[in-house]
Amino acid sequence: MTATIETPAATAGAATPTFESLNPANGDVVGVHPITSKAEVDAAVARAREAADWWGNLTFKEREEFLLTWRSVITRRIAQLADVSHLETGKPHSDAQLEIVLAIDHIAWAAKHAKKVLGSQKVKSGLLMANQASTVEYKPLGVVGVIGPWNYPVFTPCGSIAYALAAGNAVVFKPSEYTPGVGQWLADTFTEVVHGRPVFQVVTGLGDTGNALCTSAVNKLAFTGSGATGKKVMAACATNLTPVIIEAGGKDSLIVDEDADLAKAAEGALWCGLANAGQTCIGTERVYVHEKVFDKFMAEITEQAKDLRAGSDPEAKIGPITMPSQIGIIKSHIDDAIAKGANVVMGGSDAVGERFVQPTILTHVPENSTEITEETFGPTLAINPVKSMDEAVELTNATRYGLAGAVYAKKNGVDIARRVRSGMTSVNSVTAFAGVPGLPFGGVGESGFGRIHGPDGLREFTYAKAITRQRMKPLMNLTSFARDAKTDNKVATMITMMHGGKKTLK
Ligand code: NAD
């Protein structure tokens with residue numbers, strides 16, 4: 001969808017100002033949504049707090065039932081949600097559906113695994129505290145604020161929303177101003193399932209509404225978006241010492257070793273770089289190919305890319321650029337690369353139109369050009385030959401980002417993956433980690449911190465509660481003013497036996 005910013009039809013004099021979301025393929029108005037004020041955001045958080053009392057005190061099983069019902073509702077109405085996403089983002093309907101499919105699987109996983117991951121678990125008490133029965137459990141924080149981007153308006157926020165809900169929190173969600181309809185759809189269907197209770201609410205609006213959520217009484221804020229906004233979010237959250245998760249941008253590479261299946265590697269690079277018009281946080285932006293197979297790889301990818309094009313017709317596999325302001329950035333990166341000496345294999349400067357950018361493949365792109373150093377977020381690939389996998393890893397890691405990536409190799413794929421400084425890597429496939437609900441999702445460096453998905457993603461929306469229960473009299477009474485010299489000697493002997501061995505005398 002896209003929209004709004006240039007036409008924020010803040011209706012003068014009207015009770016509630018509104019903004020429009022626009023279809024990026026043609027500029028049509030898709031929907032009109034309220035700009036939620038600070039007071040209204042605070043009121044939503046207050047309602048959520050009450051709802052959290054009910055939701056957080058349900059059993060894991062009861063929450064699982066509600067979440068699985070929601071999952072089924074989304075599944076049965078998948079075409080409807082994909083339509084809204086298609087209109088608001090411009091992405092092809094089938095891409096919109098694929099994103100929802102992944103989100104559905106995550107909702108189900110979070111619902112089914114919350115008890116096992118977060119429920120009370122026994123912990124060994126150790127010799128010193130052998131008389132204690134120890135447990136840890138993970139309690140909901142209360143109300144979680146979620147701020148989302150537009151590029152994957154279902155999958156991305158659901159990584160926070162579903163996991164926060166499964167952990168027993170209420171959620172207030174501020175969707176991107178480009179995709180408010182998708183956010184509203186998600187909240188409306190969940191609200192239907194919980195019979196109108198405000199467990200999951202949406203507050204639509206622009207950056208100010210997001211800021212209002214950051215400074216509200218939420219107990220944690222999960223942000224997904226650009227690093228620049230992430231910094232503002234952290235600063236705003238600091239006013240109340242509200243903890244944050246930041247899922248920000250990336251400049252992921254795909255590495256191709258000399259023994260890789262080149263047809264598959266080319267297929268992966270092409271899709272991961274250009275699908276969703278390249279507007280993918282975990283998309284491939286750079287490709288490093290072993291020089292021994294560089295020419296063959298280029299022949300493969302050029303052949304596979306020859307019929308690929310961006311357009312709004314049903315046959316076009318690539319949609320428009322959702323956010324108009326991104327067009328200029330994409331063009332500037334292509335121009336900078338060419339000015340610094342890159343070869344144009346496909347597309348180039350002229351590929352950048354008013355709403356669509358045609359697939360662009362550049363090679364021998366200087367490492368100091370913005371096409372290599374900055375997130376482009378467009379359907380472009382920078383493909384460079386490397387002398388060795390050491391060089392591929394070194395160049396891959398020479399970025400301030402560290403979100404994800406891919407490696408294509410027969411023998412050393414996993415070894416190379418381990419050396420890449422990023423939160424997630426797929427070997428001989430692309431973005432597979434995002435579809436494995438049990439795996440954590442998140443980055444390092446300027447790609448952010450904190451994790452969604454998997455057990456880490458559930459714990460992210462909780463606090464750990466440790467409990468010890470004295471089950472018998474202690475051997476030595478240590479926590480008492482009645483402790484005597486004899487006990488002090490005993491404890492000193494014991495600690496020496498336990499930890500005073502030769503190992504420490506190296
Ligand atoms: P953005 O930073 O422009 O906006 C993200 C959200 O923040 C929107 O809802 C926006 O309204 C809100 N916002 C804007 N100003 C704010 C403020 N001052 N306080 C609070 N909220 C504010 O990002 P975008 O253009 O929507 O998304 C694209 C970016 O998101 C890319 O950098 C992409 O890589 C990143 N992204 C990251 C992930 C991930 O999981 N790491 C996933 C998807 C997208």
Side-chain angles (χ1 to χ4, degrees), residues 1-5 8 19 21 24 33 35-36 38 41 88-89 99 102-103 106 145-160 172-180 182-183 202-216 218 221-239 242 244-252 276-285 321-326 329-330 374-378 401-404 422-424 431 433-434 440-453 457:
M1 107 155 175
T2 304
T4 299
I5 291 186
F19 67 100
S21 69
H33 298 266
I35 296 177
T36 313
K38 170 75 179 144
V41 169
E88 290 194 324
T89 63
E99 180 199 337
L102 292 180
H106 275 283
V146 176
I147 297 179
W150 46 265
N151 60 337
Y152 289 88
V154 179
F155 176 74
T156 291
C158 278
S160 297
V172 179
F173 173 38
K174 207 301 270 177
S176 166
E177 52 272 45
Y178 292 88
T179 50
V182 171
V202 153
V203 288
T204 54
L206 316 182
D208 283 350
T209 303
N211 177 268
L213 190 57
C214 295
T215 53
S216 73
V218 291
L221 196 293
F223 169 80
T224 308
S226 64
T229 310
K231 288 173 191 171
K232 292 183 196 165
V233 163
M234 273 188 83
C237 285
T239 50
T242 302
V244 290
I245 301 169
I246 302 286
E247 299 284 355
K251 191 73 196 176
D252 295 350
N276 207 34
Q279 304 165 115
T280 304
C281 54
I282 50 171
T284 300
E285 300 223 347
I321 299 304
T322 306
M323 201 166 57
S325 58
Q326 197 65 22
I329 295 172
I330 298 166
E374 307 287 327
E375 187 180 52
T376 305
F377 234 50
Y401 298 109
L403 191 53
S422 76
M424 306 155 283
T431 69
F433 46 78
F441 186 106
V444 295
E446 288 199 20
S447 291
F449 50 82
R451 291 294 181 267
I452 56 172
H453 301 173

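Values below: all heavy atoms of this structure, side chains included; hydrogens, waters and symmetry mates excluded. Atoms within a ligand are numbered from 1 in the order they appear, just like the ligands themselves.
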Does any N or O in the side chain of Ser447 come within less than 3.5 Å of the main-chain N or O of Ala248, such that one atom is a donor and the other an acceptor? no

Atom indices of ligand 1, in the order listed, that fall short of 4.0 Å to a heavy atom of Asn151: 43 (C), 44 (C)

Measure the distance from atom 23 (O) of ligand 1 to every protein heavy atom, then report the residue, atom name and distance (to 0.1 Å) of the closest one. Ser226 N, 3.3 Å

Against heavy atoms of Lys232, which atoms of ligand 1 measure under 4.0 Å? 18 (N)

Would you mind listing which atoms of ligand 1 come within a distance below 4.0 Å of any non-hydrogen atom of Gly207? 13 (N), 14 (C), 15 (N), 16 (C), 17 (C), 19 (N), 20 (C), 22 (C)

With a 4.5 Å cut-off on side-chain heavy atoms, are Val244 and Phe223 touching? no

Shortest heavy-atom approach to atom 29 (C) of ligand 1 - which of Pro157, Gly225, Pro149: Gly225

Take every heavy atom of Trp150, measure it against each atom of ligand 1, and state whether any distance is under 4.0 Å. yes

Shortest non-hydrogen separation from Pro157 to Phe173 and the atoms involved: CB-CZ, 3.5 Å

Would you say the side chain of Asp252 lies within less than 4.5 Å of the side chain of Thr284, judging by non-hydrogen atoms? no

Against heavy atoms of Ile147, which atoms of ligand 1 measure under 4.0 Å? 6 (C), 7 (O), 9 (O), 12 (C), 20 (C), 21 (N)

Quick check on contacts: which atoms of ligand 1 are under 4.0 angstrom from a heavy atom of Met323? 25 (O)

Which residue and atom name correspond to the protein heavy atom nearest atom 40 (O) of ligand 1, and how close is it? Phe441 CE2, 3.2 Å

Heavy-atom pairs closer than 4.0 Å: do any link ligand 1 to the side chain of Gln279, the backbone, both, or neither? neither

Which one of Thr229, Thr209, Asn211, Val146 has a non-hydrogen atom at the shortest distance from atom 4 (O) of ligand 1? Thr229

Taking atom types as modelled and ignoring hydrogens, do the side chains of Lys38 and Thr215 form a donor-acceptor contact shorter than 3.5 angstrom? yes

Judged by atom type as modelled, is there a donor-acceptor pair below 3.5 Å linking the side chain of Asn211 to the main-chain atoms of Val233? no

Considering heavy atoms of the protein only, find what lies nearest to atom 42 (C) of ligand 1 and give residue, atom and distance to 0.1 Å. Cys281 SG, 2.9 Å

Main chain of Thr376, side chain of Glu285: is a donor-acceptor contact present, judged purely on distance under 3.5 Å? yes

Do any nitrogen or oxygen atoms of Glu177 lie less than 3.5 angstrom from nitrogen or oxygen atoms of ligand 1? yes

Heavy-atom proximity to atom 8 (C) of ligand 1 ranks first, among Ala404, Gly145, Gly230, Gly148, for Gly148

Considering only protein heavy atoms, which is closest to atom 33 (C) of ligand 1, and at what distance to one decimal place? Phe377 CZ, 3.3 Å

Looking at Thr224 and Thr156, would you say the former's side chain and the latter's main chain have a donor-acceptor pair under 3.5 Å? no

Please confirm whether His453 and Phe433 have ring centers closer than 6.0 angstrom. no

Which of the numbered atoms in ligand 1 are below 4.0 angstrom from a heavy atom of Phe223? 2 (O), 5 (C), 6 (C), 7 (O)

Run the salt-bridge test on Lys251 and Glu375 with the 4.0 Å N-O cut-off and return the result as yes or no. no

Over all atoms of both residues, closest heavy-atom pair of Leu221 and Val146: CD2-N, 4.5 Å

Hey, can you tell me if His33 and Phe19 have their rings parallel, tilted or perpendicular (30° and 60° cut-offs)? tilted

Return the option from Met234, His453, Glu375 holding the heavy atom at the smallest distance from atom 31 (C) of ligand 1. Glu375

Taking only heavy atoms of Pro175 into account, list the atoms of ligand 1 that are under 4.0 Å away from them. 9 (O)

Side chain or backbone of Val233 under 4.0 Å from ligand 1, or both, or neither, by non-hydrogen atoms? side chain

Among all the protein's non-hydrogen atoms, which is closest to atom 21 (N) of ligand 1, and how far away is it? Gly210 CA, 3.6 Å

Using a heavy-atom cut-off of under 4.0 Å, does the side chain or the backbone of Leu213 touch ligand 1, or both, or neither? neither

When the aromatic ring centroids of Phe377 and Trp150 are compared, is their separation below 6.0 Å? yes

Under 4.0 Å from any heavy atom of Ala248, which atoms of ligand 1 are there? 37 (C), 38 (C), 39 (C), 41 (N)

